[in-house]
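Every number for a ligand or one of its atoms is a count from 1 in the order of the listing.
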Amino acid sequence: MSRTPSIAFIGLGIMGLPMAANLVKAGYTVTAYDLSPESVEKLAAQGGKAADSIAEAVKGAGIVITMVPDSPDVEAVLLGEDGVFANAASGALIVDMSTIRPDIARLVSEEGAKRGLRVLDAPVSGGEAGAIEAKLSIMVGGNTADFEEAKPVFEVLGTTPVLVGPSGAGQTVKAANQLIVAGNIQLVAEALVFLEAHGVDTEAGLEVLNGGLAGSTVMTRKGDAMRARQFQPGFRIALHDKDMKIVTTAAREAGVAIPLGAHVAQYVGALKAQGHGGLDHSALLKIVEQLSGEERK
Ligand code: NAD
């Protein structure tokens, strides 16, 4: 493989578009496809190559990256009749960076192997800001040789690529990540509503909290927007609902209890049921306000 393999990138949403743009900036040839032609045009305007189909995007690519919403989307893109597996060059390395079920990650890896393709699961954490700033944390499942081959690409996209185990392990670690993030947002939201009820200056309050043991990336990245009730995504509630289903199901399968996580999963699900699936996950604050009888208009 040449030092800079050509890359096919499928799925140019909130995360995929800035990630693909960073690969272009780093000198890779990136050919991209998304169901939305506007998104493909946005990448082309930044130096990427536009493709009209998955087949066109993956033709001749050494590495194929997918960044789509959910497990059925990954199955459709990889296993579909005119999908990646049907069109990728033999020996290509497929890197799914979407957040999906660990069992589906294992399944697509096995299906890929039957066709002479290698598959890594490599979900990310760090949000839209992490994607734009190339500071994603990347948790990888697969074998060492494939991880080493993909590492230069991961190092363009983020600061912390780590091989965490065999196929599916990346998704399992990501499920734990989503458990921690949801719980953290919920508690920051509760603290904020609590402080406001006591008439405390929440800008000063969050600043000092963030300097101590209570501090978190959630507080740093989302505290001000939560104070201002600005909930444009970022990371959509609908996607975090998907992830809470993944982690609660995987925990039950493993026979372990995640009682706080299961509780927060109910709040995430309730927000989605209320029609707020398109808001940022920091909108968990709305639930705290509702329960406290003080939701703002
Ligand atoms: P998004 O909805 O903004 O983007 C998904 C993109 O995939 C869209 O542009 C859509 O058109 C495209 N797509 C869907 N099906 C397709 C198909 N069959 N063929 C081609 N393109 C297709 O989602 P996002 O926020 O970018 O998230 C993508 C993945 O990354 C999800 O699994 C999510 O859980 C995960 N993730 C998101 C964040 C975040 O902060 N947004 C952070 C970490 C991980």
Top protein contact for [atom], by heavy-atom distance:
| atom | value |
| --- | --- |
| atom 9 (O) of ligand 1 | Asp34 OD2, 2.7 Å |
| atom 41 (N) of ligand 1 | Gly234 O, 3.3 Å |
| atom 2 (O) of ligand 1 | Arg236 NH2, 2.9 Å |
| atom 27 (O) of ligand 1 | Leu239 CD1, 3.9 Å |
| atom 34 (O) of ligand 1 | Lys242 NZ, 2.7 Å |
| atom 35 (C) of ligand 1 | Thr99 OG1, 3.6 Å |
| atom 36 (N) of ligand 1 | Phe235 CE1, 3.9 Å |
| atom 3 (O) of ligand 1 | Ile14 N, 2.9 Å |

Are the charged groups of [X] and [Y] less than 4.0 angstrom apart, N to O?
| X | Y | result |
| --- | --- | --- |
| Glu111 | Arg115 | yes |
| Asp146 | Arg118 | yes |
| Glu289 | Arg229 | yes |

Whether His281 and His240 hold their rings parallel, tilted or perpendicular, with breakpoints at 30° and 60°: tilted

Val68, any N or O under 3.5 Å of ligand 1 N or O: yes

Does the side chain to side chain donor-acceptor pair (under 3.5 Å) test come out yes or no for Arg227 and Thr202, once each step is laid out? CA-CA 7 Å; Arg227 287 176 46 247; Thr202 54; 3.0 Å; yes

Backbone N or O of [Y] within a donor-acceptor pair of the [X] side chain at under 3.5 Å?
| X | Y | result |
| --- | --- | --- |
| Asp121 | Val95 | no |
| Gln171 | Ser98 | yes |
| Ser109 | Ala105 | no |

Please verify whether a non-hydrogen atom of His240 lies at under 4.0 Å from ligand 1. no

Which pair of heavy atoms, one from Ile54 and one from Gly83, lies closest together, and at what distance? CG2-C, 3.7 Å

Which one holds for [X] and ligand 1: side chain close, backbone close, both close, or neither close, with close meaning a heavy atom under 4.0 Å?
| X | answer |
| --- | --- |
| Leu35 | both |
| Pro69 | both |
| Glu128 | backbone |
| Lys174 | side chain |

For ligand 1, which atoms, with element, lie under 4.0 Å from some heavy atom of [X]?
| X | answer |
| --- | --- |
| Tyr33 | 19 (N), 20 (C) |
| Gly11 | 7 (O) |
| Val77 | 17 (C), 18 (N), 19 (N) |

Candidate with minimal heavy-atom separation from atom 44 (C) of ligand 1, of Val124, Leu136, Asp70: Val124

Checking side-chain polar atoms at under 3.5 Å, does Asp96 have a donor or acceptor matched by the opposite partner on Thr66? yes

Which distance, rounded to the nearest 0.5 Å, do you find between the CE of Met219 and the CG of Leu187? 9.5 Å

